[in-house]
Amino acid sequence: MIFGLNHTLLTVAFGSASLGAVAGALGCFAVLRRQSLLGDAVSHAALPGIALAFILTQSKEPLTLFLGALIAGCLGAIVVMNVVATTRVKSDSALGIVLSVFFGAGLVLLTFSQRQPGASQAGLDRFLFGQAATLLNRDLWFMAIAGAVVLTTLVVFWKEFKLLAFDPVYASSLGFPVRALEVLLTALIVAAIVLGLQTVGVVLMSALVVAPAAAARQWTNRLSTMVVLGAVAGAVAGVLGALTSSTFERVPAGPAIVLFAAVITIFSFLFAPGRGLVWQTINMRSRHKSLRADALLVNMLDMEEQHAHDNPEHAHSTRALKAAASVTGAFDVRGSLENLNRRGLVTKLPDDRWKLSTTGTEHASELTRGENIGGTPTS
Amino acid sequence: MSLTPPNPNLAIEINDLTVAYHEKPVLWDVDLHVPAGVLMAIVGPNGAGKSTLIKAALGLVKAAAGDVLIFGRPYPEQRRRVAYVPQRGSVDWDFPTTVIDVVTMGRYGALGWLKRPGAREHAEAMAALEQLGMQDFADRQISQLSGGQQQRVFLARALSQQADVYFMDEPLQGVDATTEHAIMQLLRSLRSQGKTVVVVHHDLETVEEYFDWVTMLNVRRIASGPVSEVFTRANLRIAYGGRSALGAEALERDEIRDAKPAAPIVP
Amino acid sequence: MTSMQLEIMLIAAVSAVACALPGVFLVLRRMALMSDAISHVVLLGIIVAFFFTGDLSSPWLLVGATATGVLTVFLVEMVTATRLVKEDAAIGLVFPALFSIAVILVSRYAGNVHIDTDAVLMGELAFAPFDRVVVGGYDIGSRSLVKMVIILALNASLLLVFYKELKIATFDPLLAVSLGFPVAALHYGLMTLVSVTAVGAFDAVGSVLVVGLMVGPAATAYLLTDRLSRMIMWSAGIGVVAAVGGYWLAYLMDASIAGCITTMLGIIFGAAHIGAPDRGIIAMARRRARQRVEFAQRMLVIHLFNHEDSPEAATENRVDHLGEHLRWRAGHIERIVDSARRRKLIQEQNGSLTLTDEGRTVAKESLQFS
């Protein structure tokens, strides 16, 4: 017992963490290569492979089912690519066909498998929505090892995969076998999907490929960091979802994991520094504020220069400045003035009048020369 | 191979190159001999096969016939001596990577499998960036670059390949004046180092100013040779056939010499 | 054949046609996977509406589910508009999240109600005939059949009324906008139809078969014809064949009906992919082979033409050297030279090839000379 978790829960947590990490890491490549929806087709396509593997071997060994799913999933991906390459049918339709046809064939095979003698407990239908609580120790070991193999391959061919994802044509000009690399990368993505089927289910597994990667993308501008963050996000969603499913009655693991992944994604879309929507809004506000301040300074410089000969000490009232600003938009002139005052760029004089300070004059003349636009400091 | 023995003094020797997409010809039987140390423009109307010529030379599209020799030997053997600058629009500039990272990719081919770029590759990439005045942008995310800066990054990447022959697909397309200036300076310095640079170019008005060699293309090769001999009104008329507004406009321009017979195949 | 079997087939066939009609436009607009998203997400609308009404047969369920389908489309567009992710990722984010909520709600709170998450995917076609609609003591058919006939009528009539508008908005949206067609309204109208159809077909055939019936026949028809009107006919026909064929397949193998119908769809698509008269693999391979000879002949005459008056003509244009120049195999070059000679494009004089006038014309035409 660690932190009040018993052995079963630990097994579940560890298993879900590893599948989430693998899906999150490989998902980055799927998302960046615009193959987000390939995962949906592949995970559905794996179902007949699982059923057939069981029918042929009568075994529910994780490796057997994994291989069946892997082969069927890869076959689905190959069919999609082949249809797109050789016909006028576009990728969205090809994905839709593979998804429904393979899944339908899988359903047919499932009905057969359930009719097999001694298969009453086959429970292959847990592959539809996933079940975390059924994870056994042997599943765990298998997931950890298979996940490690997938991630190691990713690390070994890191440089090539990165190049492939960013600029495949250039990769080809450097002499890399782009086609073979594509096949390998797709196979890794399929493997990552297939690993999660038992826990997350075929229907929702694709979300665990897309969501952590989409979330991770918002926090970083480096591929390596993105992949690590994607793995972490996937693992966190996996653990939280699986534990929720194991703790509460009648909460299937797949939907729970997907919902946690969705929450992480929404949070990232909103709050990730720089790219997040909240930050974008704040940045835009402050940019507007700064531009307003710029405009005000330039106006003041203009107006003061008109008085340069007769009265160099001439200051202007807020009302006059508002009137002058009305050409460019008089929004919040007083606020901008107070702000500039705090920054020492303008001086507040009695009778609600304002004058540029020495630094303010300097800054304003820089602006009129077209330098440092948008650089007026605001608080 | 050709009956005339391959000429190792030619940087690029293309013989009878035919490329077809779905059996629809894009290039017909193109011969092209480019001596080392020239700065060559490939011009021609849209759909003339300019980009395809480059891609076929680099083995990026399959040729239906013909062969490509780099310094007298087949391209795959000479891959390390050739660098490619694809069109800027061919990649996703929102990809999570930095400028220095992209430029370092130029070293990947020489690094080979399994090896990681290290300090040496980093230094080579920095040197390439410096040549384009982009060293201050090394750690910038690529989505934060202007179009001209993106183009300079692509050029730096090719530069870091330290090749002898450069194929560039419209490097001057849609870039600002500063970038155009920086790029032309770089191309001239490459030429002065004896490198051969082949540029797909759109702007007929700058051909004479920027290049010393030109190939005019319209599905077949119309003419190829020194700009002073080949860039003639007659050849432009053949290449553009009066169908292209750009070509027609150029034909009216005074700078372009009066009609001359098409120059002989060079050399 | 019992009347029940007949009724099941009828439900499947009517659903197939009802799905095929909007499906054609989804496929042409490259939005085939919206059917996947919508057909799953309608479950959320059904369950939420059920919580409010407490009645599984309330028409509000249909309204709620349709609204959720349209909401999904809207959410996907919204996420795409943030430009934080690409559109494919946006679809892959939105619908699994909404569907997950629905599945959890169903399994936690509606476990004792007649909604079953497995049935969501596969439908219960075999049981559909038991649920009858009785009006004034008169049995007019099973609920699913009545519902699907109504939806089919709706789809068909709206399609007829807005055929021209949908057509232009699909093939050239920019032109449609410039002509003043309400493209956005048409888009959402179509998505509403997809949602209504998905909801209606949902409890009978399940979400996966909805995807299959919307995408499969339309994509198959896309391989068979170039005309929109024919594509719609073909889709409807293929849908019916798959539905009926799938039913009998299921009957013979005693397997899932929905599964067998999608399997039939796959078989029909595969057959079209291989054997379609114009765009099938076989037809294309034949055409390629024919074009290759023609192309090679043209290559040959152009080669001769390019070197015709040049000093190297004597060496370039010899039969025994052509293969080296054009990098053709030995047998190939002879075949092409033979066929070109038969077409009187070239003539041979002591091992050297020259163009005939006709050959020169072909070469010039190929090079777009006037």
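Letters go in sequence order (proteins before strands), and every chain restarts at 1.
To the nearest 0.5 angstrom, B/Arg107 atom CZ is 11.5 Å from A/Lys159 atom NZ. Going from atom OH of A/Tyr170 over to atom OH of B/Tyr108 covers 10.5 Å, rounded to the nearest 0.5 Å. For the atom pair CZ of B/Arg79 and OG of A/Ser173, the computed distance is 8.0 Å after rounding to the nearest 0.5 Å. The OG1 atom of B/Thr97 lies 10.5 Å from the CG atom of A/Leu163; values are rounded to the nearest 0.5 Å.
Around CH2 of A/Trp279, the count of heavy atoms belonging to other residues, nucleotides or ligands within 6.0 Å does not exceed 12. Annotation: B/Arg116, atom CZ; neighbour count of heavy atoms from other residues, nucleotides and ligands within 6.0 Å is above 12.
Within the 4.5 angstrom heavy-atom criterion, no atom of A/Ala171 approaches chain B. At a 4.5 Å heavy-atom cutoff, A/Arg33 makes no contact with chain B through either its backbone or its side chain. Interface remark: B/Gln87 contributes no atoms to any contact with chain A (heavy atom separation under 4.5 Å). With a 4.5 Å cut-off on non-hydrogen atoms, B/Val82 does not touch chain A at all. Proximity to chain A (any heavy atom under 4.5 Å) is shown, for B/Arg157, by both the backbone and the side chain. Using a 4.5 Å cut-off between heavy atoms, A/Val155 touches chain B through backbone and side chain atoms alike. When heavy atoms are compared at a cutoff of 4.5 Å, A/Arg217 approaches chain B solely by way of its side chain, counted from C-beta outward. In this structure, the portion of A/Phe176 lying under 4.5 Å from any heavy atom of chain B is its side chain and not its backbone.
Using a 4.5 Å cut-off on side-chain heavy atoms (C-beta onward), A/Asn221 and B/Gln144 make contact. Using a 4.5 Å cut-off on side-chain heavy atoms (C-beta onward), B/Pro86 and A/Asp167 make contact. Residues A/Leu223 and B/Phe95 meet the side-chain proximity criterion, which asks for heavy atoms closer than 4.5 Å.
Annotation for B/Leu60 and A/Ser172: closest pair CD2-OG, 3.3 Å, computed over non-hydrogen atoms. For the pair A/Thr220 and B/Pro96, the tightest heavy-atom approach, listed with the atom from each and the gap, is O-CB, 4.5 Å. Shown here for B/Asp101 and A/Lys162, the closest heavy-atom pair between the two residues is OD2-NZ, 2.7 Å. Between B/Arg80 and A/Leu174, the closest heavy-atom pair is NH1-O, 3.7 Å. Here the shortest heavy-atom pairing between A/Glu160 and B/Leu114 reads OE2-N, 4.0 Å.
The most heavy-atom pairs under 4.5 Å with chain A, out of B/Leu58, B/Asp92, B/Val102, B/Asp94, come from B/Asp94. No other option in B/Tyr84, B/Phe167, B/Trp113 has as many heavy-atom pairs under 4.5 Å with chain A as B/Trp113. For the set B/Pro76, B/Gly59, B/Gly106, the count of heavy-atom pairs under 4.5 angstrom toward chain A peaks at B/Gly106.
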Could you go through the side chain to side chain contact (heavy atoms under 4.5 Å, CB included) check for B/Thr98 and A/Arg222 one step at a time? CA-CA 7 Å; B/Thr98 53; A/Arg222 282 184 167 276; 3.9 Å; yes
